[in-house]
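Hydrogens, waters and symmetry mates are skipped; everything else that's a heavy atom, side chains included, is used. Numbered from 1 within each chain, the chains take letters A, B, ... in sequence-line order.
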2 protein chains.
Amino acid sequence: MRDRAAEQLLDMVVSGGLSPGDRLPPERELVQRLGVSRTVVREALNLLEARGIVSIEHGRGAVVSDGSTSAVRDTLGMLLRMRAEVLWELLEMRQVLEVEVSGLAAERAGAEDVTAMRAQLDRMRALIDTPEGYVHADVEFHALLARAARNEVILTMLEPVVDLLRASREVSASRPGSARRALREHEEILRHVEEGNADGARREMRVHLANTAEDIEAALREGTLEVTENREREPT
Amino acid sequence: MRDRAAEQLLDMVVSGGLSPGDRLPPERELVQRLGVSRTVVREALNLLEARGIVSIEHGRGAVVSDGSTSAVRDTLGMLLRMRAEVLWELLEMRQVLEVEVSGLAAERAGAEDVTAMRAQLDRMRALIDTPEGYVHADVEFHALLARAARNEVILTMLEPVVDLLRASREVSASRPGSARRALREHEEILRHVEEGNADGARREMRVHLANTAEDIEAALREGTLEVTENREREPT
DNA sequence: CCTGCGGATATTGTCATACCAATCGGAGGG
DNA sequence: CCCTCCGATTGGTATGACAATATCCGCAGG
C-alpha cells in the first residue's frame, strides 16, 4: 500500500505540473484524496524523501525538491560502507564518465565555458598549498567541465560519484607533488578543450585520472585513508 | 529523531557483526532498546530499507541485505523520471556507458559469460518477428554484457537509462530490417568480446548504437514515436 | 504609514493503542 | 512419516491525541 501511494504521489509530481519548490498538499488532505490512512501517506512521503523527490519540512509541508543528486550519493555511500570494494568500481565509473565528458566538452564548450575554467585554474593555483581548499576548487573545475559537455543526464550520474570520492581526493591531493602535477594536467586538458581537440582531451583526462587513482591507492596502502561516509545533512 | 534511530540501527548492522541474511530484532524490542515509539522505529527501518541496508519482510522481520545495488537503481530511476530528461541526452549517456562496457567485457568476460550471451542471441533470433519480445531479449543481452564487464556500479546506473529508452526501442525495433541488422551487430560485438578484442568491441558497439539512434530518430520523424522534448543541441 | 510583536492557525512529528495480515513452527491426527 | 491446522510471533494499517514548528494576520506603538 505504501508503494502504491508513493507511486500516486510521484505521478502527482511528474505529471501534475509541480515545479521544484512547490508544496504538496498537506498530509490530511492527501489522506482523503488517496483514501488511505495518515500512516500510509506519511510512509509514502518518507519514501519519496529518501529517494530525493521531495523534502519534508516540519511545520511547512513536503516541497518538491530540485533535481539534487544527494539522495543518490547517500545511497551509494551506504553501499560503500557495506562493501568497500565498490570503491574501485566507483573510480572506474568516474573514469568512464569524465573521459567522455572531456571529449564532449572539447566539441561543445563555448568561450564563456573556457573563461570560467581558466578562472578556476587561477583559483586552484592560488590554493595549491591548502589541500582542503584546493580539492574544493578542483571539484569545481570538473563541474565546469561537465557543464560544458551539455548533457544533464551525464551530470546526474557523475555528480554523486564525484561527491563520494571527495574524501579520497582530499587525502590523495595532500601527497607531495600531486597537487602540482594535477594542476599541470588540468591545464593540458583545458588547452585541448579550447582547441576543440576531443581525442586529445580524452587522452589527457585518462592520464590525469590514472594518476589520481594511483595516488588514492597509495594513500590506501599507507592507511591514511579511511573508507567511510560522512553523512551530514544540508545546513540551511 | 528518525535519523538518530536510523544511525543507531546502522551501527548495529555494520559494527554489530551482523552478516547479510541475519535478522534484526523485532520492532517491539527495538522500541525498548532505543527508547522511542514504534512509529520512529518503523520510520528508521523504512529509511534503511530505502537505502538498501535491510529488507523488511512481512511476518518475518528486517533482514540485513547483501550489498545489492537495487536501491541505487530505484533512486536514480525516480530522479530521472522527475527530471523528464531529453531523449538525445539519454541516448548519449547510453552510448558512453555501453561502449565502455563492451570494452571492459572484452577484457574480463569468462567462458560462462560468452556462453550465456550466445544463448541469448539464439533467443533473440527466435523472437525476431515479435518486436515486444525481441526488445526484451535485446535488453537482456545488454544486461549480460554489462555483467561480463564486472562493474556493478556501471550496470546499476545504466539500467534506469535503458528503462527510459525502452519505449523508443520497441518502436525503432519494428522498423523493417532493423531487428535483423541489430542481430548481426550483436553477433559482431560478441565475437570481439570472445576474442578479447576490447577496441573492436567498442567500435562495433559504437556502430550499433549509432544505427539504433538513427532508427529512433527516423521513427520520430515519421511521427510513430511521440516525445515531448525536442532535440536541441546547440546552446545560445 | 511602517514596524514589531503576539497570538491564532496550519502543518508536520511523536506517541499510545488496537487490530489486521503474513509467516513460522509445533501439536495433533491421518 | 507426512499433512493439516492452529496459535504465536512479527510486520502493516488505522485512529486519535498531543507536541513542535512554521506561517500569517491583526494590532499596538512609533
Side-chain angles (χ1 to χ4, degrees), chain A residues 1-13 16 18-66 68 70-71 74 231-236, chain B residues 1-13 16 18-66 68 70-71 74:
Chain A
M1 252 180 157
R2 172 193 54 173
D3 294 357
R4 224 160 49 91
E7 195 63 33
Q8 287 179 317
L9 291 178
L10 181 60
D11 276 350
M12 272 183 58
V13 172
L18 277 71
S19 331
D22 290 350
R23 283 175 42 185
L24 267 68
E27 295 176 352
R28 268 121 181 146
E29 186 181 331
L30 293 175
V31 164
Q32 298 184 341
R33 212 187 291 192
L34 302 187
V36 293
S37 80
R38 198 178 156 212
T39 310
V40 173
V41 170
R42 282 185 56 77
E43 293 203 340
L45 284 173
N46 280 325
L47 181 58
L48 291 189
E49 188 188 32
R51 295 271 186 263
I53 305 299
V54 301
S55 156
I56 303 178
E57 298 170 21
H58 191 160
R60 291 196 46 200
V63 306
V64 178
S65 169
D66 57 349
S68 162
S70 58
D74 290 348
R231 72 175 269 108
E232 64 181 74
R233 257 183 148 53
E234 58 171 331
T236 48
Chain B
M1 249 177 149
R2 172 193 53 175
D3 293 355
R4 224 162 47 91
E7 195 62 34
Q8 287 180 322
L9 291 178
L10 181 58
D11 277 350
M12 271 182 60
V13 172
L18 277 71
S19 330
D22 291 350
R23 285 174 39 183
L24 267 66
E27 295 178 354
R28 288 159 174 95
E29 186 181 330
L30 292 175
V31 165
Q32 298 183 342
R33 212 188 293 193
L34 303 186
V36 292
S37 80
R38 199 177 156 208
T39 308
V40 174
V41 170
R42 281 184 56 77
E43 292 200 342
L45 284 172
N46 280 326
L47 181 58
L48 291 189
E49 189 187 32
R51 294 273 185 264
I53 304 299
V54 301
S55 156
I56 303 177
E57 297 168 21
H58 193 162
R60 295 197 43 194
V63 306
V64 178
S65 169
D66 56 350
S68 159
S70 57
D74 292 347

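- Applying the side-chain contact (heavy atoms from CB on, under 4.5 Å) criterion to A50(B), with sequence neighbours excluded, gives L47(A), A50(A), R51(A).
- Atom CG of L48(A) sits about 10.5 Å away from atom CE of M12(A), to the nearest 0.5 Å.
- For D74(B), there are no side-chain hydrogen bond (donor to acceptor under 3.5 Å, both in side chains) partners two or more places apart in sequence or in a different chain.
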Only distances under 3.5 Å count here; give the side-chain donor-acceptor pairs of residues 18-27 of chain B to other protein atoms, sequence neighbours excluded, each with its distance to 0.1 Å.
unit_1 : atom_1 : unit_2 : atom_2 : d
D22(B) : OD2    : S19(B) : N      : 2.9
R23(B) : NE     : R60(B) : O      : 3.3
R23(B) : NH2    : R60(B) : O      : 3.1
E27(B) : OE1    : R38(B) : NE     : 2.9
E27(B) : OE1    : R38(B) : NH2    : 3.1
E27(B) : OE2    : R42(B) : NH1    : 2.9

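- Counting to the nearest Å, the P atom of dT14(C) and the CG atom of L47(B) are 12 Å from each other.
- Between D3(B) atom CG and dT14(C) atom C1' the separation is 14 Å, expressed in whole Å.
- Residue-level contact check: I56(A) touches the backbone only, with heavy atoms under 4.0 Å from sugar-phosphate atoms and none from bases.
- By the salt bridge (Lys or Arg N to Asp or Glu O under 4.0 Å) test, D66(A) is found to be paired with no residue, residues two or more places apart in sequence or in another chain being considered.
- Residues forming a side-chain hydrogen bond (donor to acceptor under 3.5 Å, both in side chains) with R33(B) (at least two apart in sequence, or on another chain): E29(B).
- Annotation: side-chain contact (heavy atoms from CB on, under 4.5 Å) contacts of S65(B) (sequence neighbours excluded): S68(B).
- Using a 4.0 Å cutoff to heavy atoms of chain B, the contacted part of DNA chain D runs 5' to 3' from dT10(D) to dT13(D).
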*asked:* For nucleotides 16-26 of chain C, give me one character per nucleotide, 5' to 3': B if any protein heavy atom sits under 4.0 Å from the base, S if the only such contacts are to the sugar-phosphate, - if neither.
replied: --BB-BBSS--
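- Residues passing the side-chain contact (heavy atoms from CB on, under 4.5 Å) test with A44(A), sequence neighbours excluded: A5(A), A6(A), L9(A).
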